[in-house]
Undergrad: 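Handing you a structure now.
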Amino acid sequence: MNELNSTTNTLRIGPVGNSVSLFLLISYLLCIGFGLIAPEQISMHEAWAPLLPGFEWLTWSGFLIGLIESYLYGWYFAIVFVPLYRWFAKVR
C-alpha cells in the first residue's frame, strides 16, 4: 500500500502538463508539416480547425494560435487528469 501512495504522490501537475503539452505541440507541428507536403485530399488541417478556435490554414496568426492552443490543451489535461488520478488511486 505504501508503494501505491508514494507513486500517486509523485504524479505532479507540472511534469504532466509539460509532457502532454509538448506531446500535443509536436503532434501539431508534425500534422502541419504533413499538410504542407501531402496532397490536399489527405491533409490534416481540416481536423485541427474545429479543435483550435482561430486556427487558419497557412497564415502566421493561425499557426501561432494553433501552437499556443495545443500547448494550453496539454495543461488543461494535466489540471483535470492529475487530481482525478490521485483521487481514484486513493479510493482504491
Undergrad: What do the steps show when you test Ile13 against Trp75 for side-chain contact (heavy atoms from CB on, under 4.5 Å), and what is the final call?
TA: CA-CA 8 Å; Ile13 290 176; Trp75 276 99; 3.8 Å; yes
Undergrad: Quick one: does Arg86's side chain get under 4.5 Å of Pro83's, heavy atoms only?
TA: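 Heavy-atom side-chain distance check fails, nothing below 4.5 Å.
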Undergrad: How long is the straight-line distance from CG of Leu72 back to CD1 of Ile65, given to the nearest 0.5 Å?
TA: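 Taking CD1 in Ile65 and CG in Leu72, the distance rounds to 11.5 Å.
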Undergrad: Following the transitive rule for hydrophobic clusters with a side-chain heavy-atom cut-off under 4.5 Å over Ile, Leu, Val, Met, Phe, Trp and Tyr, establish whether Ile26 and Ile68 coincide in one cluster.
TA: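 Not linked; separate clusters.
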Undergrad: Please list, one pair per line, the donor and acceptor atoms closer than 3.5 Å that link side chains of residues 49-57 to other protein atoms, with sequence neighbours excluded.
TA:
none

Undergrad: Which residues pass the ring-ring contact (aromatic ring centres under 6.0 Å, His included) test with Tyr73, not counting sequence neighbours?
TA: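 Tyr73 satisfies ring-ring contact (aromatic ring centres under 6.0 Å, His included) with no residue once adjacent residues are dropped.
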Undergrad: Are Leu30 and Leu64 grouped together when hydrophobic residues (ILVMFWY) are joined by side-chain heavy atoms under 4.5 angstrom apart?
TA: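 As far as the 4.5 Å side-chain criterion goes, Leu64 and Leu30 are not connected within one cluster.
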Undergrad: Same hydrophobic cluster for Ile42 and Ile32, using side-chain heavy-atom links shorter than 4.5 Å among ILVMFWY?
TA: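 In one cluster with Ile42: Ile32, yes.
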Undergrad: Which is it for Val20 and Phe81 under the side-chain contact (heavy atoms from CB on, under 4.5 Å) test, yes or no, and what are the steps along the way?
TA: CA-CA 11 Å; Val20 175; Phe81 175 77; over 6 Å; no
Undergrad: Do Phe23 and Ser19 pass the side-chain contact (heavy atoms from CB on, under 4.5 Å) test, and can you show the C-alpha distance, the side-chain angles, and the key distance before you say yes or no?
TA: CA-CA 6 Å; Phe23 170 76; Ser19 299; over 6 Å; no
Undergrad: Return the orientation label for the Trp60 and Phe63 ring planes: parallel under 30°, perpendicular over 60°, tilted otherwise.
TA: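 Judged by the thresholds at 30° and 60°, the geometry between Trp60 and Phe63 is perpendicular.
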Undergrad: Is there a path of hydrophobic side-chain contacts, each under 4.5 Å between heavy atoms of I/L/V/M/F/W/Y residues, joining Leu22 to Leu11?
TA: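 Shared cluster, yes.
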Undergrad: Do you know which two heavy atoms are closest between Tyr28 and Leu67, and how far apart they sit?
TA: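 Heavy-atom minimum between the residues: CE2-N, 3.6 Å.
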Undergrad: Look only at the side chain of Ser21 and the backbone of Tyr71, and say whether a donor-acceptor pair between them is shorter than 3.5 Å.
TA: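 Between the backbone of Tyr71 and the side chain of Ser21 there is a qualifying donor-acceptor contact (under 3.5 Å).
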Undergrad: With the side chain counted from C-beta on, respond yes when Phe77 and Leu24 share a heavy-atom pair under 4.5 Å apart, and no when they do not.
TA: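 Counting from C-beta outward, Phe77 and Leu24 never come under 4.5 Å.
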Undergrad: Looking only at heavy atoms, what is the nearest atom pair of Gly62 and Thr59, with distance?
TA: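 Looking at all heavy atoms of both residues, the closest pair is N-OG1, 3.0 Å.
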